[in-house]
Amino acid sequence: MNILILGSGGRESAFAWKLAQSPKCSQLFIAPGNAGTGQYGTNLNVKVNDFEGIKQAVLNNKIDLVLVGPEEPLVKGIHDFFLADDLLRGVPVIGPQREGAQLEGSKDFSKQFMERNDIPAAASKTFTRETMQEGFEYLATIGLPIVLKADGLAAGKGVLICMSVVEAQQELIEMLTEAKFGEASSKVVVEQFLQGIELSVFVLSDGNNYKVLPSAKDYKRIGEGDTGLNTGGMGSVSPVPFASGEFLQKVEQRVIIPTINGLKQEGIPYKGFIFIGLMNCGGDPYMIEYNCRMGDPETESVMMRIESDLVDLLQGVAEGTLDEKELVISDKVAATVVMVAGGYPGEYLKDKTITGMENVRDSQVFHAGTYLDGEDVKTSGGRVLAITSLQDNMFDALQQATADASRIYYDGMYFRKDIGFDLL
Ligand code: AMP
Ligand code: GLY
């Protein structure tokens with residue numbers, strides 16, 4: 001079958017790498033892709049939110065299945081767009097329809113969904129400009145620190161952790177009345193702070209059946225020792241050593257099963273990945289967030305550990321036969337080190353030539369913000385490359401990925417050398 005992946009990051013590179021290995025994949029296309037995805041398939045110059053352009057690409061290239069990488073086209077209704085079009089209706093889309101994508105697209109929707117379905121999560125309330133006064137009163141009651149979340153998509157920047165009630169009040173005013181995060185903060189979820197260690201669990205669902213994919217931990221801060229500004233993600237490891245079998249059982253019973261059942265009971269169709277962001281609070285799982293897609297850079301580590309044919313699994317999602325499919329997960333450990341541009345996550349350097357990729361010894365080099373300029377591979381994004389290594393144990397995986405990252409060079413290059421070492 002011919003497959004189209006939408007997106008251009010490290011996540012989509014890892015999907016492309018994995019799908020291209022399947023004997024069921026005849027032709028693979030990536031829109032728009034990057035300098036690396038061209039190794040696995042054909043890049044198409046179409047943006048992920050250009051639905052008409054995607055339609056033409058699907059028809060021109062006789063695409064049989066579309067895998068959506070990022071959240072934005074899902075929240076904007078790409079799946080609904082396919083279902084409403086006579087020519088596209090028969091082409092399955094992996095990724096939920098607009099309503100299911102609200103699990104990520106609206107924090108208020110997702111908190112209410114958790115509440116209705118008895119899924120453990122931090123206590124919270126949602127406020128608007130009209131109810132800001134009640135918001136102030138609530139802030140004073142929930143204890144410090146206080147978490148404020150813009151309701152809508154805010155490119156990963158819409159969560160604030162405030163250390164005082166005064167700071168939280170000020171931020172609430174800016175979010176609700178000064179559109180600090182634009183339309184996304186016209187509603188704000190005020191939430192209790194959860195103390196614990198964070199991890200992500202990934203589920204693939206056909207709307208009825210599900211498979212639990214490998215769990216992973218990502219590292220969000222720019223600086224070593226988890227310091228400095230938040231980023232899209234500086235590295236990941238899978239599996240997560242502190243997520244024991246017993247803990248993952250609790251996640252399945254308390255979170256995954258109620259989520260799948262809740263979607264079914266509420267009549268919300270869901271074919272795609274569910275990213276479950278969790279806090280392990282003293283051995284019990286509490287929800288932080290849902291995302292309606294895979295994580296980046298978690299996907300890079302997760303894909304390396306899936307031994308089964310991903311095309312076969314995605315076909316199961318499309319056809320509603322996921323229960324008949326096999327999911328084999330490697331016992332090995334995958335570690336990903338993300339190489340970023342100088343200045344990231346602030347203003348960052350671009351158009352720098354990348355060298356040394358041929359010296360990498362035992363890791364996959366997944367491209368993210370790269371493009372081809374003649375023969376040269378150059379940087380275009382904040383996150384440039386994800387270096388993923390699969391080894392027998394965590395120490396070797398971390399060391400190999402880190403060593404291989406250091407074999408690559410571009411002006412302003414930076415990566416964290418401590419990814420995962422806190423878990424050893
Ligand atoms: P989100 O955009 O929902 O992923 O939130 C960004 C980050 O904020 C999360 O990855 C957590 O590290 C942190 N966070 C969000 N909600 C909470 C919470 N209730 N308690 C503690 N940390 C939180
Ligand atoms: N790594 C976190 C995310 O993809 O949202």
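Keep in mind that the numbers below use all heavy atoms, side chains included, and drop hydrogens, waters and symmetry copies. Order of appearance sets the numbers: ligands from 1, and atoms from 1 within every ligand.
Looking at atom 20 (N) of ligand 1, its nearest protein heavy atom turns out to be Leu194 N, 2.8 Å. Looking from atom 12 (O) of ligand 1 to the surrounding protein, the closest heavy atom is Glu198 OE1, 2.5 Å. Nearest protein neighbour of atom 19 (N) of ligand 1, counting heavy atoms only, is Glu191 OE2, 2.7 Å. Closest to atom 13 (C) of ligand 1 among all protein heavy atoms lies Ile161 CD1, 4.1 Å. The nearest protein atom to atom 2 (O) of ligand 1, hydrogens excluded, is given as Val159 CG2, 3.2 Å; this is a heavy-atom distance.
Tyr290 and Thr259 form a side-chain donor-acceptor contact under 3.5 Å, judged by distance and modelled atom types alone. No hydrogens or angles considered: a donor-acceptor pair under 3.5 Å links the side chains of Asn34 and Ser13.
Near Glu289, meaning under 4.0 Å from any of its heavy atoms, are these atoms of ligand 1: 1 (P), 2 (O), 3 (O), 4 (O). Counting atoms of ligand 1 from 1 in the listed order, those under 4.0 Å from a heavy atom of Lys149 are 3 (O), 15 (C), 16 (N). Taking every non-hydrogen atom of Ile288 and a distance limit under 4.0 Å, the qualifying atoms of ligand 1 come out as 15 (C), 16 (N). Of all the atoms in ligand 1, the ones that sit under 4.0 Å from a non-hydrogen atom of Gln192 are 18 (C), 19 (N). In the vicinity of Met279, heavy-atom distances shorter than 4.0 Å reach the ligand 1 atoms 21 (C), 22 (N).
In the displayed structure, Glu246 atom CD is contacted under 6.0 Å by at most 12 heavy atoms of other residues, nucleotides or ligands. Within 6.0 Å of the NZ atom in Lys125, the count of heavy atoms belonging to other residues, nucleotides or ligands does not exceed 12. Residue-environment remark: CD (Glu115) stays at or below the threshold of 12 foreign heavy atoms within 6.0 Å.
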Extract all donor-acceptor atom pairs below 3.5 Å that involve side chains of residues 161-171 and protein atoms in other chains or at least two apart in sequence.
| residue | atom | partner | partner atom | Å |
| --- | --- | --- | --- | --- |
| Ser164 | OG | Glu167 | N | 3.0 |
| Glu167 | OE1 | Met163 | N | 3.0 |
| Glu171 | OE1 | Lys180 | NZ | 2.7 |

Only distances under 3.5 Å count here; give the side-chain donor-acceptor pairs of residues 139-152 to other protein atoms, sequence neighbours excluded, each with its distance to 0.1 Å.
| residue | atom | partner | partner atom | Å |
| --- | --- | --- | --- | --- |
| Thr141 | OG1 | Tyr138 | O | 2.6 |
| Lys149 | NZ | Glu191 | OE2 | 3.1 |
| Lys149 | NZ | Ile288 | O | 3.2 |
| Asp151 | OD1 | Ser106 | OG | 2.8 |
| Asp151 | OD1 | Lys107 | N | 3.1 |
| Asp151 | OD1 | Asp108 | N | 2.8 |
| Asp151 | OD2 | Ser106 | OG | 3.4 |

- Item | Test ring-ring contact (aromatic ring centres under 6.0 Å, His included) applied to Phe273 and Phe15, step by step | CA-CA 13 Å; Phe273 294 97; Phe15 278 143; 5.6 Å; yes
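Annotation: ligand 2 has protein neighbours Asp218, Gly232, Phe275, Asn291, Arg293, Gly295, Asp296, Pro297, Glu298, each with a heavy atom less than 4.0 angstrom from the ligand.
None of Arg221, Lys220, Lys217 except one satisfies the salt bridge (charged side-chain N to carboxylate O under 4.0 Å, His left out) rule with Glu198; the exception is Lys220.
Contacts of Gln391 classified as side chain to side chain contact (heavy atoms under 4.5 Å, CB included), with partners at least two apart in sequence or in another chain: Asp362, Ser389, Asp396, Ala397, Gln400.
The shortest side-chain heavy-atom distance between Val333 and Pro239 falls under the 4.5 Å cut-off.
Residue Lys107 touches ligand 1 through its side chain alone, judged by heavy-atom distances below 4.0 Å.
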